Structure formats: structure tokens, C-alpha cells
**Student:** 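I'd like to ask you about the structure that follows.
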Amino acid sequence: MNEVFKRPSFDLRRSPFEMMEPLRRMFEGDLESSSIRVEELVDGNTLVVRAELPGIDPEQDVDISVAEEHLHIRAQRQERTEEKGKDRYRSEFRYGSFSRSIPLPKGVKNDDISATYRDGVLEVRAPLPAETEQEPARKIHITRG
């Protein structure tokens with residue numbers, strides 16, 4: 001009999017939950033993994049953007065920039081786990097990059113924007129400009145050419 005047919009097609013030492021892990025990641029988040037989850041709010045006269053970035057080093061793994069009236073947040077993560085047992089060794093790694101662009105209100109001064117990182121949350125604060133008087137909405141008449 002052929003050697004291939006004698007062996008099971010999966011590792012019996014792994015639990016069913018371990019074997020389902022790749023499917024769980026695919027359906028629960030890896031499809032969204034290139035985007036950072038954010039919360040935007042206005043606190044007084046400041047736009048506050050909170051980004052969920054657990055398990056990263058903000059000094060090495062995060063880049064924040066402002067261009068064309070957008071706040072750009074880019075991050076990368078590397079995770080590695082190892083399990084050593086008497087008869088087995090298992091190593092798993094996961095890495096990826098994430099990004100998010102948030103439109104900023106007109107008039108936000110780039111030099112006034114600040115950022116802090118605490119307990120897995122990046123917080124970016126951008127003071128809002130004083131309100132300027134906007135022109136009222138006006139209907140535009142369409143003419144036939």
C-alpha cells in the first residue's frame with residue numbers, strides 16, 4: 001500500500017480549535033487587517049482621533065503624517081509565538097501593515113497636531129480653526145445648450 005494512504009491528512013496532536021484558527025482569522029478580521037479602527041470626536045475645539053493599535057511600539061512601528069488635508073496613520077505589527085513540549089515544537093508568526101486616512105477640516109494647522117500612545121490606543125489631537133462664515137447654499141440654474 002502506498003505510504004500516502006497510511007498517514008492521516010492532518011496532525012492528530014493538534015486540537016480541532018488549532019486547526020480552525022486560519023479560518024477564524026480569515027472571517028473575523030484578516031479581511032479588515034489593512035485598515036485601522038478609529039473613533040473620531042470633537043472635544044471642545046479639538047478634533048480627537050483614537051486609533052486601536054494594541055501590541056505595537058509607537059516609536060518604531062507607527063508613522064503619522066498630514067498631507068492634502070488628511071491625517072495619515074500607518075502602522076506595522078509583527079507577532080511570533082512558540083510552543084515547546086516534550087514531543088513537539090510549534091512556531092507561528094503573523095505580520096502585516098495597516099493604514100487609515102482621515103479627512104481634516106479646512107484650516108487645521110499641521111504644526112498644532114499632537115499624538116500620544118497609551119494602553120494600545122493612539123490618540124491624535126488637532127485643534128480646530130475658528131469658525132469662518134460660510135456662504136449660504138445656493139441653487140444653480142441649469143440651462144439647455
Side-chain angles (χ1 to χ4, degrees), residues 3-142:
E3 184 72 22
V4 174
F5 294 111
K6 291 181 182 178
R7 293 187 198 160
S9 60
F10 55 90
D11 186 350
L12 293 174
R13 294 174 292 182
R14 294 179 66 190
S15 75
F17 297 109
E18 288 175 314
M19 291 186 292
M20 295 298 289
E21 181 64 17
L23 287 174
R24 185 198 62 80
R25 283 196 308 240
M26 182 178 75
F27 289 111
E28 286 185 4
D30 280 1
L31 297 175
E32 301 175 353
S33 65
S34 62
S35 182
I36 300 169
R37 294 180 189 192
V38 298
E39 171 186 52
E40 295 178 58
L41 60 107
V42 175
D43 181 16
N45 292 329
T46 303
L47 173 66
V48 179
V49 177
R50 293 187 184 122
E52 191 178 77
L53 295 170
I56 59 147
D57 181 348
E59 294 168 357
Q60 294 181 1
D61 300 333
V62 179
D63 178 49
I64 305 171
S65 61
V66 177
E68 300 173 2
E69 296 181 348
H70 279 77
L71 173 69
H72 303 284
I73 303 171
R74 293 178 191 86
Q76 61 183 6
R77 174 181 300 140
Q78 295 181 0
E79 296 177 45
R80 183 179 178 114
T81 59
E82 289 184 315
E83 293 178 24
K84 295 179 181 181
K86 182 179 176 184
D87 294 334
R88 77 181 227 174
Y89 172 78
R90 181 170 180 237
S91 174
E92 186 174 333
F93 63 92
R94 187 168 115 166
Y95 58 91
S97 59
F98 316 90
S99 64
R100 186 74 183 257
S101 292
I102 294 104
L104 294 172
K106 281 190 178 230
V108 170
K109 294 182 181 176
N110 298 355
D111 294 336
D112 294 339
I113 297 173
S114 63
T116 57
Y117 181 83
R118 181 177 177 191
D119 297 331
V121 177
L122 174 72
E123 183 176 281
V124 180
R125 299 180 75 82
L128 297 171
E131 291 210 18
T132 58
E133 195 172 304
Q134 294 183 350
E135 290 186 42
R138 176 174 78 97
K139 184 171 177 134
I140 307 296
H141 179 71
I142 303 171

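Note that this is a predicted model, so its numbers are computed, not measured. Side chains are part of it too, since the values below use all heavy atoms of this structure and drop only hydrogens, waters and symmetry mates.
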**Student:** Could you state the interatomic distance from CG (Leu41) to CZ (Arg50), rounded to the nearest 0.5 Å?
**Tutor:**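 If I round to the nearest 0.5 Å, the distance is 5.0 Å.
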**Student:** Can you check side chain to side chain contact (heavy atoms under 4.5 Å, CB included) on Ile73 and Ile102, steps first, answer last?
**Tutor:** CA-CA 8 Å; Ile73 303 171; Ile102 294 104; 4.2 Å; yes
**Student:** Indicate the atoms forming the closest heavy-atom contact of Arg100 with Arg37, along with that distance.
**Tutor:**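 Heavy atoms of Arg100 and Arg37 come nearest at NH1-CA, 4.2 Å.
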**Student:** Taking atom OG of Ser65 and atom CG of Leu71, what is their separation to the nearest 0.5 Å?
**Tutor:**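 Result: 7.5 Å between the selected atoms.
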**Student:** Is the shortest side-chain N to carboxylate O distance from Arg125 to Asp112 below 4.0 Å?
**Tutor:**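 No, Arg125 and Asp112 are not salt-bridged.
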**Student:** Within the 3.5 Å criterion, strictly below it, is a donor on Ser91 or Arg80 matched to an acceptor on the partner's side chain?
**Tutor:**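 Present: a donor and an acceptor within the cut-off.
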**Student:** List the residues meeting side-chain contact (heavy atoms from CB on, under 4.5 Å) with Lys84, not counting sequence neighbours, and say none if there are none.
**Tutor:**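 Result, side-chain contact (heavy atoms from CB on, under 4.5 Å) vs Lys84: Glu82, Tyr89.
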**Student:** What pair of heavy atoms forms the shortest contact from Ala126 to Val108, and how long is it?
**Tutor:** CB-CG1, 4.0 Å
**Student:** Output, in order, the C-alpha distance, side-chain angles, deciding distance and verdict of side chain to side chain contact (heavy atoms under 4.5 Å, CB included) for Arg90 and Arg88.
**Tutor:** CA-CA 7 Å; Arg90 181 170 180 237; Arg88 77 181 227 174; 4.1 Å; yes
**Student:** Scan Glu39, Glu123, Glu40 and name whichever one has a side-chain contact (heavy atoms from CB on, under 4.5 Å) with Val48.
**Tutor:** Glu123
**Student:** Rounded to the nearest 0.5 Å, what separation is found between the CG atom of Leu53 and the CD1 atom of Ile36?
**Tutor:** 5.0 Å
**Student:** Where the side chain of Tyr117 meets the backbone of Val62, is there a donor-acceptor pair that is under 3.5 Å apart?
**Tutor:** no
**Student:** Check whether the side chains of Ser101 and His72 place a donor and an acceptor atom closer than 3.5 Å, and report yes or no.
**Tutor:**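 Looking only at side-chain atoms, His72 and Ser101 do form a donor-acceptor pair, the distance falling under 3.5 Å.
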**Student:** Would Leu128 and Thr46 count as a side chain to side chain contact (heavy atoms under 4.5 Å, CB included) if you check the C-alpha gap in whole Å, the side-chain angles of each, and the deciding distance to 0.1 Å?
**Tutor:** CA-CA 5 Å; Leu128 297 171; Thr46 303; 5.8 Å; no
**Student:** With rounding to the nearest 0.5 Å, note down the distance linking OG in Ser97 to CD in Gln78.
**Tutor:** 11.0 Å
**Student:** Just by modelled atom types, is the Phe98 backbone N or O under 3.5 Å from a matching donor or acceptor in the Arg77 side chain?
**Tutor:** no
**Student:** Could you pull out all residues at least two apart from Asp119 that satisfy side-chain contact (heavy atoms from CB on, under 4.5 Å)?
**Tutor:**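 Expected list: none.
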**Student:** First locate atom CG of Leu122, then atom OG1 of Thr116, and finally report the distance between them rounded to the nearest 0.5 Å.
**Tutor:** 7.0 Å
**Student:** Measure the shortest side-chain to side-chain distance between Pro127 and Asn45 over non-hydrogen atoms and say whether it is less than 4.5 angstrom.
**Tutor:** no
